[in-house]
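Shown next, in structure tokens, is the structure this report addresses.
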Amino acid sequence: MLKDIINRIVKGTKKVVTLPTMRTSSGEFLLKKTDFGLVRVDYAVIEKIANRAVAQVSGIKEAGVSVESVTSRVTPFKIRLTMILAEGFSAPRVSESADKVINDALRNLLQLEFFVPVEVRVKQIEQVVAPKRRRVR
């Protein structure tokens, strides 16, 4: 009897297909499926996580992060990192460190099972200026 009631309810409902990323009037977001339901994570939150992660990388004086949608079956978005590199640091090494730190932060905080591609653009290289000392006489 209970099985018949459940079958009637299931037949009357439409099948819902969830997409990994969606767009609303407030912006794009990632849908994360969990044991208790779907969690909606705005791309703005992902940008903040990436900005905090990049702030820990030595060799980056300034950084700007943006998240963009990608039509891929592997990942629903990519991260574009534009940075000002400090003089004396290797661009490939700093880029590799930034990529690793961003992906580790996203994996820890959002439990993502996929690798997020990080596109790095070095906008400028600046000298590291030490603060001037004042002489006291």
Side-chain angles (χ1 to χ4, degrees):
M1 183 169 146
L2 182 61
K3 191 174 184 179
D4 294 331
I5 294 171
I6 293 172
N7 284 335
R8 277 190 232 147
I9 292 171
V10 170
K11 285 181 184 177
T13 60
K14 294 180 180 178
K15 187 175 182 181
V16 177
V17 178
T18 58
L19 299 174
T21 183
M22 299 186 80
R23 181 168 180 75
T24 62
S25 60
S26 63
E28 290 182 303
F29 59 90
L30 173 74
L31 286 177
K32 176 71 176 140
K33 190 174 184 179
T34 62
D35 294 338
F36 59 88
L38 291 174
V39 176
R40 176 183 158 175
V41 181
D42 288 337
Y43 278 7
V45 173
I46 295 171
E47 284 179 12
K48 288 179 184 178
I49 293 169
N51 272 321
R52 286 183 183 169
V54 168
Q56 300 172 0
V57 178
S58 62
I60 298 178
K61 289 192 74 172
E62 284 184 35
V65 176
S66 64
V67 179
E68 299 175 0
S69 293
V70 176
T71 54
S72 170
R73 294 181 183 200
V74 179
T75 179
F77 62 91
K78 72 176 180 179
I79 293 177
R80 181 169 286 168
L81 171 65
T82 305
M83 66 178 174
I84 295 177
L85 187 67
E87 189 176 8
F89 287 90
S90 168
R93 287 188 183 147
V94 171
S95 299
E96 183 181 345
S97 297
D99 185 297
K100 183 180 180 333
V101 167
I102 289 171
N103 273 291
D104 287 347
L106 291 174
R107 199 169 292 118
N108 290 337
L109 291 171
L110 301 177
Q111 303 297 314
L112 296 182
E113 294 90 24
F114 56 88
F115 175 80
V116 179
V118 178
E119 184 180 298
V120 179
R121 178 178 171 243
V122 178
K123 184 169 71 172
Q124 189 176 347
I125 298 175
E126 285 188 2
Q127 290 181 342
V128 180
V129 179
K132 292 183 179 180
R133 290 183 168 179
R134 291 188 175 185
R135 285 188 162 181
V136 180
R137 292 183 188 190

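Everything numeric in this text was worked out from a predicted model, so none of it was measured.
Counting only residues at least two apart or on different chains, the side-chain hydrogen bond (donor to acceptor under 3.5 Å, both in side chains) pairs with a member in residues 85-102 are D99-N103, K100-D104.
Q111 pairs by the side chain to side chain donor-acceptor pair (under 3.5 Å) definition with nothing, not counting sequence neighbours. Take Q124 and apply the side-chain contact (heavy atoms from CB on, under 4.5 Å) test, not counting sequence neighbours, and it matches I84, E126. Not counting sequence neighbours, the partners of V122 by the side-chain contact (heavy atoms from CB on, under 4.5 Å) test are M83, L85, A91, I125. With sequence neighbours excluded, the residues forming a salt bridge (charged side-chain N to carboxylate O under 4.0 Å, His left out) with E119 are K78, R80, listed by chain and number.
Across every non-hydrogen atom of P76 and F114, the tightest pair is CD-CZ, 3.5 Å. Residues V54 and A63 approach most closely at CG1-CB, 3.5 Å, considering heavy atoms.
Between the CG atom of L81 and the CD atom of E47 there is a distance of 11.5 Å, given to the nearest 0.5 Å. Atom-to-atom distance recorded for L106:CG and I102:CD1 is 7.5 Å, nearest 0.5 angstrom. Remark: T75 OG1 to L112 CG distance equals 8.0 Å, nearest 0.5 Å. Atoms OG and OH, from S69 and Y43 in turn, are 4.0 Å apart once rounded to the nearest 0.5 Å. Annotation: the span from L30 atom CG to E28 atom CD amounts to 10.5 Å, rounded to 0.5 Å.
At distances below 3.5 Å, at least one donor-acceptor pair connects side-chain atoms of K61 with backbone N or O atoms of Q127.
There is no path of hydrophobic side-chain contacts, each under 4.5 Å, that joins F115 to V118.
In this structure, the side chains of V94 and I60 come closer than 4.5 Å at one or more pairs of heavy atoms. Using a 4.5 Å heavy-atom threshold, the side chains of V67 and V116 count as separate.
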Run I79 and V65 through side-chain contact (heavy atoms from CB on, under 4.5 Å) and show every step you take. CA-CA 7 Å; I79 293 177; V65 176; 3.6 Å; yes
